[in-house]
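Here is the structure we will look at.
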Amino acid sequence: MLFDARPTVVYGMQQHLKNAGSLYVCCHGRDEGSVLVMDIVGTKDILFRTSDVPANMDCKLAYLGACRSAQNNISTGKNLCGTLVSNGYKAVVGYNADVSHYLAMEFEENFFYYLGEGNNVYTSIEETIE
């Protein structure tokens, strides 16, 4: 039996987004960057949309390990990464295209290594790409 846990999960995500100093989300992305798909056992796929992102946040870093989370949606011109920045996050990292799990894990491992070494977000991305 599938149940609709969307209201609870969306509310929980909104609270984490508002109250976390930094946030790491790893899930599927779709609809050209405007939707995160959370697959929770026993539920329907739960969609977290750009319209679900709360306003007036004051947080440092969000890492969206989801395909196309930084790709602009053709119809709305928005994406989740940009929406988080517009609503208060200082920096957001996401993917502009589809990415394999292996490459995503390798990128994330290196990115967080460089971040842990004291580099800022932008330098960590540059070092990871090289």
Side-chain angles (χ1 to χ4, degrees):
M1 174 172 94
L2 294 178
F3 65 95
D4 186 4
R6 184 177 192 283
T8 303
V9 172
V10 168
Y11 177 77
M13 277 287 292
Q14 289 171 330
Q15 295 310 302
H16 285 296
L17 286 168
K18 282 198 265 188
N19 299 313
S22 60
L23 179 73
Y24 174 83
V25 177
C26 183
C27 63
H28 298 289
R30 71 173 206 216
D31 296 340
E32 292 105 12
S34 64
V35 172
L36 295 178
V37 180
M38 290 168 259
D39 181 14
I40 299 171
V41 175
T43 70
K44 302 175 190 175
D45 284 344
I46 297 170
L47 306 179
F48 188 84
R49 299 175 175 92
T50 52
S51 59
D52 295 322
V53 174
N56 303 319
M57 298 179 289
D58 184 25
C59 304
K60 293 181 181 179
L61 172 65
Y63 189 101
L64 301 182
C67 293
R68 295 175 278 171
S69 55
Q71 181 184 53
N72 281 341
N73 182 285
I74 294 169
S75 60
T76 66
K78 295 181 179 181
N79 64 57
L80 286 159
C81 290
T83 301
L84 287 171
V85 170
S86 295
N87 291 7
Y89 267 78
K90 306 296 183 261
V92 181
V93 177
Y95 296 105
N96 196 29
D98 290 336
V99 62
S100 74
H101 292 293
Y102 172 76
L103 291 175
M105 289 185 332
E106 186 177 334
F107 183 89
E108 292 163 12
E109 182 180 324
N110 289 314
F111 171 76
F112 285 110
Y113 169 79
Y114 289 116
L115 199 63
E117 289 289 305
N119 293 303
N120 64 39
V121 171
Y122 306 104
T123 303
S124 296
I125 290 171
E126 288 175 9
E127 292 292 329
T128 301
I129 292 172
E130 291 180 357

Same cluster for L115 and L23 if Ile/Leu/Val/Met/Phe/Trp/Tyr side chains link at under 4.5 Å?
no
Using side chain to side chain contact (heavy atoms under 4.5 Å, CB included), reason through M13 and V10 one step at a time and then give a plain yes or no.
CA-CA 5 Å; M13 277 287 292; V10 168; 5.7 Å; no
Y11 side, atom OH; H16 side, atom NE2 - distance, nearest 0.5 Å:
10.5 Å
Pairs in or reaching into residues 17-28: which pass salt bridge (Lys or Arg N to Asp or Glu O under 4.0 Å), with residues at least two apart or in two chains?
none
Tell me the salt bridge (Lys or Arg N to Asp or Glu O under 4.0 Å) pairs involving residues 60-80, sequence neighbours left out?
R68-D98
Looking only at non-hydrogen atoms, find the nearest pair between L84 and M57 and report the distance.
CD2-CE, 3.8 Å
Atom pair CG (L64) and CG (N79), whose distance is rounded to the nearest 0.5 Å:
9.0 Å
Return the set of residues passing side-chain contact (heavy atoms from CB on, under 4.5 Å) with D58 (not counting sequence neighbours), or none when no residue passes.
K90
Test of understanding: with side-chain contact (heavy atoms from CB on, under 4.5 Å), list the residues that count as partners of S22, not counting sequence neighbours.
L61
Taking only residues at least two apart or on different chains, which pairs with a member in residues 107-126 satisfy salt bridge (Lys or Arg N to Asp or Glu O under 4.0 Å)?
none
What ring pair (Phe, Tyr, Trp, His ring centres under 6.0 Å) pairs are there with at least one residue in residues 53-75, not counting sequence neighbours?
Y24-Y63, Y63-F111, Y63-F112
Using side-chain contact (heavy atoms from CB on, under 4.5 Å) as the criterion, list what pairs up with N110, not counting sequence neighbours.
E106, Y114, T128
Excluding sequence neighbours, so at least two apart, what forms side chain to side chain donor-acceptor pair (under 3.5 Å) with S75?
N73
What are the two closest non-hydrogen atoms of C59 and A20, and how far apart are they?
SG-O, 2.9 Å
Could you list all the ring pair (Phe, Tyr, Trp, His ring centres under 6.0 Å) pairs where at least one residue sits in residues 84-108, not counting sequence neighbours?
none
Among all residues two or more places apart in sequence or in another chain, which pass the side chain to side chain donor-acceptor pair (under 3.5 Å) test with N119?
none
Starting from L80, can I reach V99 by hopping between I/L/V/M/F/W/Y residues whose side chains sit under 4.5 Å apart?
no
Atom OG of S124 and atom CD1 of I129: how far apart are they, to the nearest 0.5 Å?
11.0 Å
What residues, two or more places apart in sequence or in another chain, satisfy side chain to side chain donor-acceptor pair (under 3.5 Å) together with T123?
N120
Partners of C27 by side-chain contact (heavy atoms from CB on, under 4.5 Å), sequence neighbours excluded?
V25, L36, M38, A66
Let me check something: do V92 and V121 share a hydrophobic cluster, defined by ILVMFWY side-chain heavy atoms less than 4.5 Å apart, either directly or through other members?
no
